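The chains referred to below are lettered A, B, ... by the order of the sequence lines, with proteins before strands, and numbering in each begins at 1. In this text, all values refer to a predicted model and were calculated from it rather than measured experimentally.
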Amino acid sequence: MLLKQISVFLENKSGQLLQIVNVLAEHDIDLRALSIAEAQDYGVLRAIVDKPDETLALLREQEWLCSANEVLAVMVPDEPGSLTRILNVLADNDVNMVYTYAFLSGVEGKACIVLRVDDNAAAEKLLRNAGIEC
Amino acid sequence: MGNYYQPEIETMPRAQLQALQSERLVEQVRRVYENVPYYRAKMDAKGVTPDDIHGIEDLHKLPFLSKADLREAYPCGLLAAPKKDCVRIHSTSGTTGKRVVAFYTQHDVDLWEDCCARAIVAAGGTDEDVVQVCYGYGLFTGGLGLHGGSHKVGCLTLPMSSGNTERQLQFMEDLEATILCCTPSYAMYLAESAIETGVRDRLHLKSAIFGAEAWTEEMRHDIEDKLGLKAYDIYGLTELSGPGVAFECAEQNGMHINEDHFIAEIIDPVTEEPLPLGSKGELVFTAITKQAFPMIRYRTRDICMLKAEKCSCGRTHVRMCKPMGRSDDMLIIRGVNVFPSQIETVLLNQGMPANYQIIVDRVNNSDTLDIEVEVPQELFSDTVSAISKKEKELVSALKAMLGIMAKVHLVAPKSIARSEGKAVRVIDKRKLY
Ligand SMILES: [Zn+2]
C-alpha cells in the first residue's frame, strides 16, 4: 500500500524536533512512525501520521520547510526473516532502495516496513508477485 | 628625540610643509592634466583646469578618483610617465577583474623606499640592525617595499618572503634578527611557534613593523609580550605605492602620514564634502610626488580620523588612526578582497534565493568565511542528497568566484535574522576595527 509521508527540514539546533512533536500533539495528530536523516548542518525528519494533509498544511502555516511524498508500506509478520524476504525480492530485481524504516503497525503481530524506492508502483507489483502482502 | 631617517623633512615646520605640498600639488595637477587623457577628461567634466589650482586650499575643486576609475583605465590608462621610464609594477591581490596594477619609475621606487626607511628608523632601526622581511615578495608591495627601506637604512636584510615558519625561526635565531616585518597574524603564528619550539628565549628581536591587515591593540600587546618586542603599525596601499604611506613612531599613538608625498583629506563618504580635521570620515589621498602612477584625490574607502596635535617624537606630519572600518562593503579575508555582491551573484546564478548571511571570523589566526543560505522549497524533498549536492555545487562556485574557500550552511527559510525587514548580510566577528 502507498502511504503519504511528511518530510520536514530541521536545522541542527536543539528543540527543533520537540517543536514539531508539540504541534502534532496540540492538533491531536497521531505520529505513527518517524525517522531522521542527518547531514552536517541539518536533518530531514520523515514522519507517518494519521492525518498527513492536515499535518502538511499546519506545518506550512507555521513556516516549516516541508513536503509530502508517497512511500511504499509493507505489512509483514513481526517475526525474524520478514525483512530479508522483501530485500531479496528488491535485490533480485535491481530495485534501488533510497532508505527504509519500520514501525509496529498496531495490528496484532504485524510490523509495517516503509520503503522509499525510485518507482513505488513497480516495486509494489514485484512484491505482490512474490507473494508479499502490501 | 631622534630616530629620524630624513630629519629635515620629518620635523619640518608645518607652514613650510604646507608650502611644499602646495608647490608639488600645482605641479602634479598640471602634469596629469597634460599627460593623462583620463585625468584631463575628468577635470574637464568638472570644469576645473590646472589654472584653478594654486595650492592645497584648492584641492577640493579636483574630481575624486575611485577604484572604479582604476578598473576602467586598466592597465595603462592612468600612466603619467612614458612606459620606457617605468621600472616596475606591483598589483593588489584580489579576484580577476578587481586587480589594480600600479607602475613605478626609478624615482617612484626611490621615494617609496625612503618612506619605508622612515618607518624602520622610527621603529629604532639603524645600520646595526638585522631586518627579517617575511611579507610576500612579488606583486604584493609588502616584501619589496620594506626590503628597499631596509637597504636604505643600511640594515642587514633577510629577504625571507612569507611562509616556511621553521626556516623563518631558524634564520631569526641564527642571524640574530632584531626587526621583524610581517603581517600581525603571521607574527602571532611565529610567536606561538617560537614559544612551542623553545626558540623564543634565543631570539634578539627588539621591534616589529606590522601592516597589510587590520589588527587590534589587544593583538599588539599579545605579540609584544610573546616576542618581547615593540610593535609598530604601518599603513599603505598599492595604489599609492605600498607600505609606508603612514607609519607609527615610538609614541604608538597614530601613524604619521608622509605628507611631503601624500596629502590626506577626510571626507563625508556620502556627500563627498571635506570634513574638518579631527572628524571621522573616509580617507582620501593625493600623491604629489609620484611620476608613473599619480593618484589625485584617491578614495581609499577606509574610515579614519586625522590628528593634528603635535607629537612628542618631534615629527610634524599629521597622524592617522588605525582605519576604523570601510565605507564600502569590502571584506578582506585571508588577504583577499571579497565583496558581498560577488557572493550574492553566485547564489543567484545557482538558483538560490538571495537570503543569505556572511559570517567572517578569525580562528587560530586564520580568517574563516561561512555563508548561511536559506533552502528554497523546490530544493527540499524527503532525502538529503539533493540538498547536499547543491551544497557542494555552491562551495565550488564560490571558490571559483572568490578564489578562497567558503563553508556553506543551508538553513531553514526565514531563519536568517532580519532587522527591520532588511537582512543583515555580513557579520564580521573579527573585531579588528
Ligand atoms: Zn610621533
Let me know if A:Gln5 has heavy atoms under 4.5 Å from chain B in its side chain, its backbone, both or neither. side chain
Could you tell me whether A:Asp78 and A:Lys110 make a salt bridge, using a distance below 4.0 angstrom between a side-chain N and a carboxylate O? no
Please determine whether a side-chain nitrogen of the Lys or Arg among B:Arg220 and B:Asp222 lies less than 4.0 Å from a carboxylate oxygen of the Asp or Glu. no
Check this for me, if you would: do B:Arg362 and B:Asp367 make a salt bridge, where the nitrogen-to-carboxylate-oxygen distance has to be below 4.0 angstrom? yes
Find the distance between CG (B:Asp302) and CE (B:Met330) and round it off to the nearest 0.5 Å. 7.5 Å
Which residue out of A:Val71, A:Val8, A:Val98 racks up the most heavy-atom pairs below 4.5 Å with chain B? A:Val8
Give, as side chain, backbone, both or neither, the part of A:Phe9 having an atom under 4.5 angstrom from any heavy atom of chain B. both
